[in-house]
> 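Have a look at this one.
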Amino acid sequence: MTPLVGRDIDLLNLSLQLRQYEGRLFTLVGPDGVGKSCLAEAAVADAALPVARHVDAHGMEASQALAEAVDMPPLSARSWLVLDGFELSEDITPGVVDAFLDERPLLRILTTGRRPLRVSGEQVFPVQPLSAPTPPYHQQVSELHEYPAVALFVDRARRIIPSFALTAYNARPVAEICARLDGIPLAIELAANRLQLFDLNALLTRLRDGRPVLGGSHPARSPGHRSISTISERSHHLLDERRRGQLDRLSVAVGSLNLTTIAELWGSPADRAKEAVDVLVSDELLHADATESGTRYSVYHLVREGGLARLAAAGALTHARDQHAELFLAQVLSAEPHLAGPRQHEWLDRLAEDHGNVQAALTQLAARGRQYDTALAALALRRYWLTRGHLASGERWLSDAAAVFLTDTGQRQLTARAESARGALAMATGDGHLATDCFQRAAIAYAECGKRHHELTALARLAAARPGTASGDSRALADHVLKASRTSPAPEEVGEAALALAAQARQTDVKLASDLLDAAESVYARAQDVRGRGLVLIQRADLSIARGDQELAESLLHEGLLRLQAVGECTMLPRALEARAYLLWQRLPEQGPRVARILAASAAIREATGANPLPATAVPSTAARELHTLFSAPEYEAVRHEGRTLTPWAAAQEALAAPLSARSSPSAAPRSARLSARQYEVALLVSNGLTNRQIASRLDLSEWTVVNHVRHIMRRLDVPSRIHIAQWVAQRQAR
């Protein structure tokens, strides 16, 4: 009565294999709710197998299921016994199944279960979850229909709401719901049934927050498939008490975990945790996913909700969530000092992999009245949110943090830091009014605790957020930032202030903008901040575009994009992509398809993050207006769609793969400029790859003196970076 959705190829392959199968035991394996029973039933009908008996073994002991099959009608050649939901347990071994078959030489067995029976000669057919969309959810409506998980959700939703349809408005929530439900058909059907109580966005919010969404019953024929509780009981049936407790404690996780975190949650040594995880993976209760950082494990959502229900019934849910929150609070606080250093990308990636768990931890801490710890974690995450584009959620958490710190008169500096971080996120979203308010409150808070240097830096950022600031005031604040860049106790805020003021000044005072970028570069170089140095290069490219030096701009953009890609930058990446697309269009119009993809990717990233940084970019939008002339409407939409499906990393790669100018960049050519003996000595050491600190030690100079030497060398040679200094030295030596 219920047609299979998305199983056409599986049904074709399974039917063919069953017709050709010469063995005696064929097993369909996969996680609970994946559709093994429906697929087996459809394949038996499609292959027209002679079935002597069908036993619904869900909830039965293995011996009981075989006993049900004893009184079969007389067997004909190639007769089949279907044991649906058959799992070996302590009361029966593979040898018992062998003996059962030996006594019935004309019988073949088709079983479904979570794991193979491991009987000699067994043929295993894995049943995978339905294909579901993956982030970023930029697929068009027509493409989403091609995902079986989405097609199933839409089909079942229409049974609840006959007018339900997949539209551009609801496409992304549907895509994310299907992905978060792991593409498991039963979970998708149970979730669709909940549309009687929740709209799509409420359903998705509950999923993101780790709250139950699969309650109620499902009109399945087998009692073992009708509710979460029955499936959960079956999931636990083959586990010992210790494994059950371990699985339940993992249910509080939102998303995947690495083995180290799992061991910490369990309070278990790593080797024992690995042994337990392997058992749960083989039982199809955990999903293992190989990533660049190592294997990560997640509980299937169907199993997860059952685990949460058991924890709640035992009165242990709050404690388990507290333990989870405590663990991720410690991880967030330990990550903070590394988010602007040489291992920046590594720590950002860690937080990105644990994003769902971090959000769940913040929510639990707040719910338990631990607002101060929540506020500290929010402040620690400010760089992560800004870099990876979680701007709206970051602003909300920082708003709460600022309010928490404000209630304690002894925490005025933390209040100021939280407001400054909020202001940076507001600048990234283009909300000048909010940014102005935040920086103003930050300046007041810094003044109240006697931090004059920090107060002036906050006022400088305020001036950048508010274009109407008097020019004299702006210049004075810019001078403060230039001075502060040498010995600042708050390099992060000074660097951001220098970048913001430089972006504002590039239209009216190119010299000041260049000096501010030099200051930002020195700050980020000392901190070894890859993202910050990438942003400096992007702004230098803007200045080069304004001066008409497109070749230098290309070189700067290339280097800047490499740095932004290395740290997974999403907030400022669209601006860099658009500048690269503009230059490519100006020089090589035949690269139109690539330009269209880059611009579409940039637009998609802006939509996903809400990024629209202030001040507005000066790069012309000529390419976007003229591209239509190259394509027919269908061709343009196809190319544009390709761009929108790119991840930020892939979008940066697309831009980096574009050809650079055929001629050598002027910045890389030998120059006749003369350097002093000391400057040439510094240039030689730069070309050898030494850092400013190493050069200072070698020449017995202060690090700041070396920074000044490097800055003067770049000005004399008219080059934008240390790489170009090294090229100049090499070419001079070659001559």
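Sequential numbering from 1 along the given sequence is applied to the chain's residues.
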> Report yes if some heavy atom in the side chain of Val174 is under 4.5 Å from a heavy atom in the side chain of Cys178; otherwise report no.
yes
> Rounded to the nearest 0.5 Å, what's the gap from CG on Leu250 to OG on Ser298? Could you check?
10.0 Å
> Does Arg208 come within less than 4.0 Å of Glu176, counting only side-chain N to carboxylate O?
yes
> Does some side-chain heavy atom of Val34 sit less than 4.5 Å from a side-chain heavy atom of Gln128?
no
> I'd like to know if the side chain of Asn170 reaches the main chain of Ala165, judged simply by a donor and an acceptor atom lying under 3.5 Å from each other, with no hydrogens or angles considered.
yes
> Looking at Glu87 and Arg114, would you say the former's side chain and the latter's main chain have a donor-acceptor pair under 3.5 Å?
yes
> Roughly how far, to the nearest 0.5 Å, is CG of Leu203 from CD1 of Ile177?
4.5 Å
> Just by modelled atom types, is the Asp289 backbone N or O under 3.5 Å from a matching donor or acceptor in the Thr295 side chain?
no
> Looking only at heavy atoms, which two atoms of Leu11 and Ala42 are closest? And how far apart?
CD1-C, 3.7 Å
> Tell me if a side-chain donor or acceptor on Asp182 pairs with a main-chain N or O of Ile184 at a distance below 3.5 Å.
no
> In chain order, what residues pass the side-chain contact (heavy atoms from CB on, under 4.5 Å) check against Pro50, with sequence neighbours excluded?
Trp80
> Quick one: do Thr318 and Gln364 satisfy side-chain contact (heavy atoms from CB on, under 4.5 Å)? Show the steps, please.
CA-CA 9 Å; Thr318 299; Gln364 178 67 9; 4.3 Å; yes
> Less than 4.5 Å apart, any side-chain heavy atom of Leu28 and any of Leu110?
yes
> Using side-chain contact (heavy atoms from CB on, under 4.5 Å), reason through His301 and Arg180 one step at a time and then give a plain yes or no.
CA-CA 8 Å; His301 195 86; Arg180 286 181 175 272; 5.9 Å; no
> Nearest 0.5 Å, please: how far is CZ in Phe328 from OG1 in Thr261?
5.0 Å
> What do the steps show when you test Thr112 against Val82 for side-chain contact (heavy atoms from CB on, under 4.5 Å), and what is the final call?
CA-CA 8 Å; Thr112 71; Val82 178; 5.9 Å; no
> Looking only at heavy atoms, which two atoms of Pro31 and Val127 are closest? And how far apart?
CD-O, 4.1 Å
> Looking at residues at least two apart in the chain, or sitting in another chain, which of them share a side-chain hydrogen bond (donor to acceptor under 3.5 Å, both in side chains) with Glu146?
none
> Would you give the length of the straight line joining atom CG of Leu181 to atom CD of Glu189, rounded to the nearest 0.5 angstrom?
11.5 Å
> For a quick test of reading the model, state the closest non-hydrogen atom pair linking Ile109 to Leu83 and the distance between them.
CG2-CD1, 3.9 Å
> Measuring only between side-chain heavy atoms, which start at C-beta, is Phe86 closer than 4.5 Å to Leu117?
yes
> Do any N or O atoms from the side chain of Arg24 and from the backbone of Leu107 form a donor-acceptor pair under 3.5 angstrom?
yes
> Drop me the distance from Leu286's CG to Ser256's OG, to the nearest 0.5 angstrom.
11.0 Å
> Roughly how far, to the nearest 0.5 Å, is the NE2 atom of His324 from the CG atom of Asn357?
3.5 Å
> Can you list the residues that meet the side-chain hydrogen bond (donor to acceptor under 3.5 Å, both in side chains) rule with Asn13, with sequence neighbours excluded?
none
> Contact between Leu257 and Tyr297 at the side-chain level, heavy atoms closer than 4.5 Å - yes or no?
no
> Would you check if there is a donor-acceptor pair between the side chains of His641 and Glu637 at a distance under 3.5 Å?
no
> Can I get a per-line list of side-chain donor-acceptor pairs under 3.5 Å for residues 348-355, giving both atom names and the distance, sequence neighbours left out?
| from | atom 1 | to | atom 2 | distance (Å) |
| --- | --- | --- | --- | --- |
| Asp349 | OD1 | Arg388 | NH2 | 2.7 |
| Arg350 | NH2 | Glu346 | OE2 | 2.8 |
| Glu353 | OE1 | Ser293 | OG | 3.2 |
| Glu353 | OE1 | Arg296 | NH1 | 3.4 |
| Glu353 | OE2 | Ser293 | OG | 2.6 |
| Asp354 | OD1 | Arg296 | NH2 | 2.7 |
| His355 | ND1 | Tyr384 | OH | 3.1 |

> Can you find a side-chain donor-acceptor pair between Ser251 and Asp248 that sits under 3.5 Å?
no
> Taking only residues two or more places apart in sequence, or in another chain, which ones meet Glu122 in a side-chain hydrogen bond (donor to acceptor under 3.5 Å, both in side chains)?
Thr27
> Between Gln196 (side chain) and Asn193 (backbone), is there a donor-acceptor pair under 3.5 Å?
yes
> When you measure from the side chain of Arg158 to the backbone of Phe164, do you find a donor-acceptor pair of N or O atoms at a distance under 3.5 Å?
yes
> Which pair of heavy atoms, one from Ala149 and one from Ala132, lies closest together, and at what distance?
CB-CB, 3.9 Å
> So does Arg115 pair up with Glu284, basic N to acidic O under 4.0 Å?
no
> Any heavy-atom pair between the side chains of Leu195 and Phe153 that's under 4.5 Å?
yes
> Between Met72 and Ala52, which heavy-atom pair has the shortest distance, and what is it?
SD-CB, 4.2 Å
> List the steps, then state whether side-chain contact (heavy atoms from CB on, under 4.5 Å) holds for Tyr147 with Leu130.
CA-CA 8 Å; Tyr147 287 94; Leu130 296 177; over 6 Å; no
> Is any side-chain heavy atom of Leu14 closer than 4.5 Å to a side-chain heavy atom of Asp46?
no
> Is there a side-chain contact between Val150 and Glu143 in this structure, where contact means two heavy atoms from C-beta onward sitting under 4.5 Å apart?
no
> Show me the pairs that pass salt bridge (Lys or Arg N to Asp or Glu O under 4.0 Å) and involve residues 271-280, at least two apart or across chains.
Lys274-Asp278
> Is a side-chain N or O of Arg108 found less than 3.5 angstrom from the main chain of Phe26, in a donor-acceptor match?
no
> Main chain of Leu190, side chain of Arg194: is a donor-acceptor contact present, judged purely on distance under 3.5 Å?
no
> Identify the two heavy atoms, one from Ala65 and one from Met60, that lie closest to each other, and give their separation to 0.1 Å.
CA-SD, 3.8 Å
> Assess the residue pair His319 and Gln323 against the criterion (side chain to side chain donor-acceptor pair (under 3.5 Å)); give the C-alpha distance rounded to whole Å, side-chain angles, the decisive distance to 0.1 Å, and a yes or no.
CA-CA 6 Å; His319 174 72; Gln323 184 185 16; 4.6 Å; no
> For Glu642, is there any backbone N or O sitting under 3.5 Å from a side-chain donor or acceptor partner on Thr645?
yes
